[in-house]
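The block underneath contains the structure these notes are about, expressed in structure tokens.
So that the names make sense, note that chain A is the first sequence line, chain B the second, and so on, each numbered from 1.
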2 protein chains.
Amino acid sequence: MSEDHSFRTPTAHDVARLAGVSQSAVSRAFTVGASISPDKRDKIIAAANELGYRPNILARSLIKGTSKVVGVVFGQFENPFFAHALDRFSEDFEGRGLRILLFTAKTNATVDEQVAELLSYQVSAVILMAVNLSSKLVAECARSNIPVVMFNRTTEEEHEAFAVTGDNTAGATAIAQHFLNTGRARVAFMAGYDDSSTSRQREAAFMAAMSGTGIPEPRRVVGHYSRQGAIEATRELFAAGAERPDALFCANDMMAIAAIETLRTEFGIEPGRQCAVAGFDNISMAAWPSFSLTTYSQPIDRMVAHAVAFIAGESEGERAVVVPGELIIRNSA
Amino acid sequence: MSEDHSFRTPTAHDVARLAGVSQSAVSRAFTVGASISPDKRDKIIAAANELGYRPNILARSLIKGTSKVVGVVFGQFENPFFAHALDRFSEDFEGRGLRILLFTAKTNATVDEQVAELLSYQVSAVILMAVNLSSKLVAECARSNIPVVMFNRTTEEEHEAFAVTGDNTAGATAIAQHFLNTGRARVAFMAGYDDSSTSRQREAAFMAAMSGTGIPEPRRVVGHYSRQGAIEATRELFAAGAERPDALFCANDMMAIAAIETLRTEFGIEPGRQCAVAGFDNISMAAWPSFSLTTYSQPIDRMVAHAVAFIAGESEGERAVVVPGELIIRNSA
DNA sequence: TATGTTTTTGCATACGTATGCATTGCAATC
DNA sequence: GATTGCAATGCATACGTATGCAAAAACATA
């Protein structure tokens with residue numbers, strides 16, 4: 001138990017000196033599968049513990065040319081769907097020795113900067129949660145052999161990024177069908193962002209399913225995937241003068257919940273009866289009795305598993321995967 | 001526009017060769033305040049852009065002995081309070097060039113491992129969100145001059161970690177006082193984790209404020225800071241046989257919201273009338289009309305600002321800071 | 001015992017950048 | 001014109017680890 005009075009953090013050389021071996025041996029003692037005799041390894045580990053030595057991951061990564069770090073660019077913190085997904089990524093990475101370097105991007109414009117900086121950290125992969133990246137940056141990642149996974153987003157552009165999404169088309173169609181089956185006739189849609197692929201795909205499928213059914217074309221408002229935006233959009237829909245909808249499909253659950261509350265408190269409308277409300281995601285809140293929200297699920301666990309498979313190079317040539325969910329009927333519709 | 005056909009990412013040497021300068025000059029061109037002539041810098045930047053060069057942060061950090069990365073260990077993802085705080089940290093760090101390396105810890109036991117690994121990433125600080133760290137690891141961080149900030153946690157142990165908390169004592173006292181002022185007589189408390197300092201402090205202050213008022217000692221249940229736990233704890237409190245409370249203070253908002261819903265759906269009790277319910281945190285959901293939760297606020301922005309000040313060494317000898325909030329009275333109590 | 005085979009070990013070097021030091025160039029001062 | 005001061009530049013080295021290579025050691029085989 002010798003006291004260490006140097007304030008320098010110990011290096012492999014210090015351990016080597018104490019254990020009477022070479023620095024190479026210390027390195028090998030900490031590398032699984034390296035060629036080193038068991039007793040020497042034990043001696044080195046003991047010396048390392050005495051000094052409080054831990055390998056410097058930066059130096060290791062510098063040599064290897066890649067770090068066991070995955071860059072995650074996060075868009076919407078407001079939506080628990082993504083917080084939940086982040087949690088699952090973290091859990092899944094744990095077993096693979098991967099770590100998360102977290103960036104947040106308030107606007108799509110900043111995403112390019114964030115990713116550019118990620119590259120200088122020699123990350124081994126990039127995950128984009130609910131944000132878009134320019135083709136230029138995607139190409140730059142590809143050149144460095146860094147897989148890019150878009151989570152809950154796709155793109156029409158032809159580029160080398162992977163994409164994992166829920167089944168926006170099937171989901172929106174199922175909800176439209178459910179509205180029709182339950183005799184709804186004045187239908188409305190609340191979009192997220194206009195430049196979000198999820199919102200656009202959900203809208204397109206919803207509108208397609210409605211067309212040709214004899215029902216008037218659905219009214220359309222934009223909630224910007226935010227609570228406040230959804231509240232205002234709901235007011236717009238139900239404002240005096242216009243004919244009130246009897247069914248509302250919101251592009252995600254958070255907006256649907258905001259709509260439900262606004263209907264109740266500002267218009268005295270109890271969702272499910274006078275007006276059906278449906279969302280998308282099936283976040284845990286959707287099941288809460290206060291909302292009891294009908295929605296189409298996005299199975300986070302499987303979506304995350306696919307994303308990790310892409311990163312790990314376990315995908316069979318596929319670049320885009322659509323994970324099916326299911327229609328979950330509750331009281332709101 | 002020369003094409004780059006080598007698949008090696010360009011280094012400062014490549015840029016130097018192209019620009020006809022030394023590698024040192026390239027380094028200086030990318031270092032603010034370094035001694036270099038403007039026109040040479042421009043020439044280097046141009047060459048760097050042509051090659052798509054970005055400085056390797058790993059190599060830089062290796063030399064400097066510290067990286068501009070802050071390790072964050074995250075406990076409860078379920079509670080939006082912490083997700084919100086994480087968002088604010090990210091935003092605040094942005095301006096300081098700091099990045100977040102994210103770890104999640106399901107149990108306190110794993111926190112030590114996580115932090116040990118963080119150290120090998122040469123992080124410049126560690127933030128613990130709702131988790132506890134052993135004194136041994138705190139000491140190890142101190143030895144490496146890495147500040148450790150406990151966010152929303154304190155410890156009785158005397159060690160070198162910083163701590164930022166809301167005013168648990170004032171908050172719980174204010175809520176107790178509010179219960180008394182509104183004539184409540186059969187009071188209950190729902191704890192979070194027994195080993196969480198926040199829960200213990202809130203409980204102690206609440207109990208202290210109640211004692212000597214002539215009101216019977218509050219009943220006590222444990223909700224484990226989880227929704228399911230809170231639902232079960234509420235059932236326990238209101239189960240047939242026992243005398244039902246007319247006021248319930250939950251150690252955080254998420255549990256209070258779960259309690260409100262359980263009272264409504266399972267016991268037909270409308271919170272605020274037959275039974276007052278109060279929480280702690282003032283998460284955004286507390287203001288939603290479905291819950292309209294009376295609570296004591298924890299001002300995230302100021303708490304984060306204090307934590308960042310600790311990290312930046314801008315604290316004046318203080319090691320623990322208590323950020324006052326305010327009692328927010330809504331309909332639930 | 002002699003020979004071949006496998007395992008273990010150390011040496012030296014490389015990863016990409018930052019920086020102390022010495023040198024150069026240039027302008028300012030006497 | 002000689003001298004001083006200052007900015008700009010390059011050289012060489014250091015950060016801490018991993019790894020190819022060759023030497024040594026350990027082991028197996030005949």
Would you check if B:L62 and A:N56 make a side-chain contact, meaning some heavy-atom pair closer than 4.5 Å? yes
Centroid separation under 6.0 Å, is that true for the rings of A:F151 and A:F89? yes
Which letters describe nucleotides 14-24 of chain D, given B = protein heavy atom under 4.0 Å from base, S = only from sugar-phosphate, - = neither? BBBBBBB----
Within this structure, what is the [atom1]-to-[atom2] distance between [X] and [N], rounded to whole angstrom?
| X | N | atom1 | atom2 | result |
| --- | --- | --- | --- | --- |
| B:K40 | C:dT24 | NZ | P | 15 Å |
| A:I36 | D:dA25 | CD1 | C1' | 15 Å |
| A:I44 | C:dT9 | CD1 | C1' | 10 Å |

Enumerate the residue pairs fulfilling ring pair (Phe, Tyr, Trp, His ring centres under 6.0 Å) with a member in residues 24-72 of chain A, sequence neighbours excluded, ordered by first and then second residue. A:F30-A:Y53
Do B:S134 and B:D112 get their side chains close enough for a donor-acceptor pair, meaning under 3.5 Å?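 On atom types as modelled, these side chains qualify, holding a pair under 3.5 Å.
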For A:S61 and A:S67, test the side chains for any donor-to-acceptor distance below 3.5 angstrom and give the result as yes or no. no
If the cut-off is 4.0 Å, is B:S35 near the phosphate of D:dA8, judged by side-chain N/O to OP1 or OP2? yes
Ring-plane angle category for A:F310 and A:F162, please: parallel below 30°, perpendicular beyond 60°, tilted otherwise.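 Parallel, since the angle between the ring planes stays under 30°.
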